[in-house]
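Numbers for residues simply follow the sequence, beginning at 1. Side chains are part of it too, since the values below use all heavy atoms of this structure and drop only hydrogens, waters and symmetry mates. Predicted model, so just to flag it, every value in this text is computed and none were measured.
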Amino acid sequence: MSTLVEQARKLLKDNGSRWTKQRQQMIEILAEHPDHYIDFTDVDQRLRKDNPGLSHGTVYRNLKDFESLGIVETRQAGERMQVKVCCDSNHHHHFICDVCGRVQEIQMPPIDYAFFAKQLPGAKINGHTFELHGICANCRANKKKAK
């Protein structure tokens, strides 16, 4: 069993959650591409193909449980929800390659919430998301070789 699967199993058990065959399969699917987001519908279809009695709602609830425990992180890409295994650090941001889809963790300077609060009088800011998109070094190098 992969390290990611074992870590997820331990985290679930430590938090009083059951470890099921379906939960293991879900983590294994995500562990195949730890540095890529995967459309939730792809994960859902693969799980339900192997487990015909499994409902979409059950897959979604497991995903939300995993997210609340810090096992996975999700993002919206247009109307699609995407999911990947969590990076090692706490709060962080991502660079996502538009060609290969690889996700790289990046660090940013602290956000000055007071700056934004001045622009939003009376609002309460609860958090933020930030992604950089572009072409990674590997894809740029491959593109140059192809010329």
Side-chain angles (χ1 to χ4, degrees), residues 1-111 113 116-117 119-120 123-146:
M1 208 178 295
S2 80
T3 303
L4 289 172
V5 174
E6 277 303 316
Q7 289 171 345
R9 181 176 179 267
K10 181 179 181 338
L11 195 53
L12 281 164
K13 288 196 173 234
D14 289 350
N15 283 278
S17 296
R18 290 184 14 217
W19 182 250
T20 64
K21 180 179 91 171
Q22 291 84 8
R23 285 182 168 188
Q24 180 175 333
Q25 282 182 293
M26 188 173 188
I27 296 296
E28 287 171 346
I29 290 168
L30 296 170
E32 290 172 7
H33 304 284
D35 59 352
H36 285 76
Y37 279 101
I38 302 170
D39 281 350
F40 173 71
T41 54
D42 293 341
V43 176
D44 182 55
Q45 288 172 352
R46 281 185 61 186
L47 280 169
R48 292 176 41 195
K49 182 179 142 219
D50 293 342
N51 305 279
L54 195 62
S55 73
H56 174 77
T58 299
V59 177
Y60 183 80
R61 277 191 304 278
N62 278 308
L63 170 72
K64 287 303 182 184
D65 287 347
F66 290 173
E67 186 175 32
S68 70
L69 292 172
I71 296 170
V72 302
E73 41 191 270
T74 61
R75 72 186 278 264
Q76 283 299 126
E79 294 188 15
R80 300 180 331 247
M81 181 170 56
Q82 295 182 325
V83 60
K84 72 179 276 310
V85 293
C86 272
C87 300
D88 290 333
S89 67
N90 292 328
H91 187 77
H92 61 280
H93 302 279
H94 292 141
F95 170 81
I96 303 172
C97 180
D98 294 331
V99 176
C100 70
R102 182 167 172 249
V103 178
Q104 293 176 263
E105 184 177 333
I106 57 172
Q107 299 300 316
M108 300 226 359
I111 299 288
Y113 284 108
F116 297 105
Q119 298 176 56
L120 304 163
K124 180 181 181 292
I125 300 170
N126 294 322
H128 68 276
T129 59
F130 184 85
E131 294 177 347
L132 293 175
H133 293 263
I135 302 174
C136 71
N138 288 340
C139 289
R140 288 189 70 216
N142 290 338
K143 188 176 181 179
K144 285 180 184 177
K145 287 179 189 175

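By the ring pair (Phe, Tyr, Trp, His ring centres under 6.0 Å) test, His33 is found to be paired with no residue, residues two or more places apart in sequence or in another chain being considered. For Phe116, the ring pair (Phe, Tyr, Trp, His ring centres under 6.0 Å) criterion is met by no residue, not counting sequence neighbours. For Val85, the side chain to side chain contact (heavy atoms under 4.5 Å, CB included) test picks out Leu4, Leu30, Pro34, with sequence neighbours left out. Checked against side chain to side chain contact (heavy atoms under 4.5 Å, CB included), Lys10 has the following partners two or more places apart in sequence or in another chain: Asp14. Residues passing the side chain to side chain donor-acceptor pair (under 3.5 Å) test with Tyr60, sequence neighbours excluded: none. For His36, there are no ring pair (Phe, Tyr, Trp, His ring centres under 6.0 Å) partners two or more places apart in sequence or in a different chain. Arg75 is linked by a side chain to side chain donor-acceptor pair (under 3.5 Å) to Gln82, Glu131, counting only residues two or more places apart in sequence or in another chain. In this structure, the side chain to side chain donor-acceptor pair (under 3.5 Å) partners of Thr58, at least two apart in sequence or on a different chain, are Ser55, Arg61. Every side chain to side chain contact (heavy atoms under 4.5 Å, CB included) that Asn51 has, sequence neighbours left out, goes to Lys21, Gln22, Gln25, Leu47, Leu54. Residues satisfying the side chain to side chain contact (heavy atoms under 4.5 Å, CB included) test with Asn15, not counting sequence neighbours, are Leu11, Leu69. Applying the side chain to side chain donor-acceptor pair (under 3.5 Å) test to Thr74 and every residue at least two apart in sequence or in another chain returns Glu67.
For the atom pair Arg48 CZ and His56 NE2, the distance stands at 7.0 Å (nearest 0.5 Å). Note that NE2 of His92 is 4.5 Å distant from CD of Glu105, once rounded to the nearest 0.5 Å. To the nearest 0.5 Å, atom SG of residue Cys100 and atom CG of residue Asp35 are 8.0 Å apart. With rounding to the nearest 0.5 Å, the separation of CD1 in Ile135 from CG in Asn142 is 11.5 Å. In this structure, CG on Leu132 lies 4.0 Å from CD1 on Ile106, to the nearest 0.5 angstrom. Atom-to-atom distance recorded for Ile96:CD1 and Cys136:SG is 12.0 Å, nearest 0.5 angstrom.
Of the possible polar contacts, one joining the Arg23 side chain to the Arg18 backbone as a donor-acceptor pair under 3.5 Å is found.
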| field | Stepwise side chain to side chain contact (heavy atoms under 4.5 Å, CB included) check, Ile29 with Asp42 | value | CA-CA 10 Å; Ile29 290 168; Asp42 293 341; over 6 Å; no

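Within the structure, the salt bridge (charged side-chain N to carboxylate O under 4.0 Å, His left out) test picks out no pair touching residues 132-145 (sequence neighbours left out).
Between His93 and His128, some side-chain heavy-atom pair lies under the 4.5 Å cut-off. Residues Asn138 and Val99 are not in side-chain contact: their nearest non-hydrogen atoms beyond the backbone lie 4.5 Å or more apart. With contacts defined as side-chain heavy-atom distances shorter than 4.5 Å, the pair Val5/Trp19 qualifies. A heavy-atom distance below 4.5 Å is found between the side chains of Met26 and Leu63.
Only one option out of Gln104, Glu73, His133 pairs with His94 in a side chain to side chain donor-acceptor pair (under 3.5 Å); it is Glu73.
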